[in-house]
Amino acid sequence: MVPSRIYDLLDKYYEGTNSSEELSELVKFFDENEDIPVDLLPDKVMILGIIGVRKNNEPEIDQKLEQLQISKQNGITLNWFKWAIAASILVVMSVVGVNELLTTAPEAQPIYGYYNGKPITNKLVAAQRFNSTLDKISPSFQKMHNEVKKVEEMSKYNDVINKIKP
Amino acid sequence: MIKKIILILTLMISLNSYGQENVRNYLSSLSGKRGFTTIEFTPFMFEMIRNAVEQTEGEEDLFDNIDSMLLITTDDNSILNILQPILKRDKYQLMMQMYDEDDSHIIFYGLMKNKKVTDFLMIIDDKNDFLVLELQCDMTLRQLKSVTKQISIKGVNNFK
């Protein structure tokens with residue numbers, strides 16, 4: 001059972017507002033407890049990882065804590081550690097992710113059209129649909145073309161008539 | 001004061017145009033709706049056809065200047081009631097209309113920009129069934145004439 005004080009201290013830790021005593025208390029808690037609940041494991045990594053705690057290495061802990069305290073006095077809080085690590089992880093993940101996508105992702109399938117809103121990605125199906133579409137519109141275009149032809153011929157006659165007009 | 005008026009006018013114009021729907025948007029919105037069968041061909045399809053079909057010497061290829069095609073068939077006549085005001089608002093020109101012996105009515109509209117047809121629309125009103133074809137293109141009237149000729153003569157056979 002984790003005392004609620006630890007959670008309070010963790011909150012303060014991420015806000016960068018706990019004192020050196022409180023920080024020591026957190027370090028001690030994570031360092032000495034073998035049964036850390038799963039939800040606190042990331043916090044354990046965060047705290048022990050940053051400070052580099054090793055058992056029976058108290059002078060080193062004190063030294064690190066002192067350094068952190070100095071940083072804090074200079075207006076730098078522990079928060080930046082959290083953000084720096086998160087940013088590094090994101091950068092690494094995105095670089096790895098992009099490379100992964102570039103090397104392994106299949107080529108995006110071309111979309112030739114949509115039938116009732118559903119994409120047509122198969123070339124043969126697209127060609128069949130296209131042919132049946134042309135089949136539908138072809139007679140109307142034939143009519144249109146015939147009409148245009150008639151109008152053109154009429155205008156030719158008009159030209160001739162205009163030329164022979166006295 | 002003048003600045004304020006200009007600002008208000010600009011806002012009103014942009015809001016007004018934001019809410020407006022063009023022909024393609026309206027027709028595309030019918031995709032997948034009950035009572036409508038829609039088929040749309042993307043620029044990718046036309047690119048594929050252009051690459052596949054051999055260019056006939058001295059003759060412009062049929063799909064050189066067509067970017068996309070949308071065909072809708074339906075028995076819902078409300079499509080015409082919605083389309084007509086949009087065509088009028090967007091200044092589509094009536095190019096031709098024909099009444100057939102079988103009582104069908106075919107209307108051709110074109111949207112002209114810089115002496116070129118940028119949007120071509122064919123509406124077939126067959127009393128009980130309606131067919132709307134929209135071509136997004138960039139062609140002169142002469143090219144359009146050539147396209148109609150080629151579609152009517154070659155029809156589907158050319159693209160098998």
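By convention in this document, chain letters (A, B, ...) are assigned in the order of the sequence lines, proteins followed by strands, and residues within each chain are numbered from 1.
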Okay, B:M95 and chain A: the region with an atom under 4.5 Å from a heavy atom over there is neither

In this structure, CZ of A:F141 is separated from CG of B:L144 (nearest 0.5 Å) by 7.5 Å

Residues of residues 34-43 of chain B with a heavy atom under 4.5 Å from any heavy atom of chain A, in residue-number order, are B:F36, B:T37, B:T38, B:I39, B:E40, B:F41, B:T42

Rounded to the nearest 0.5 angstrom, the OG-OH distance for B:S31 and A:Y115 is 11.0 Å

Original post:
Would A:L9 and A:V2 show up in the same hydrophobic cluster when neighbours are defined by side-chain heavy atoms closer than 4.5 Å?
Top reply: yes

* Asked: Side-chain contact, heavy-atom cut-off 4.5 Å: B:F46 with A:Y112?
  -> no

When rounded to the nearest 0.5 Å, the distance separating OG of A:S140 from CG of B:L131 is 7.0 Å

**Item:** Path from B:I107 to B:L27 over hydrophobic side-chain contacts below 4.5 Å
**Value:** yes

In this structure, NZ of A:K123 is separated from CE of B:M45 (nearest 0.5 Å) by 10.0 Å

Are B:M48 and A:I111 grouped together when hydrophobic residues (ILVMFWY) are joined by side-chain heavy atoms under 4.5 angstrom apart?
-> no

For residues 113-130 of chain B against chain A, heavy atoms under 4.5 Å, the residues are B:F120, B:M122, B:I124

To the nearest 0.5 Å, atom CG of B:L135 lies from atom CD1 of A:I137 at 6.5 Å

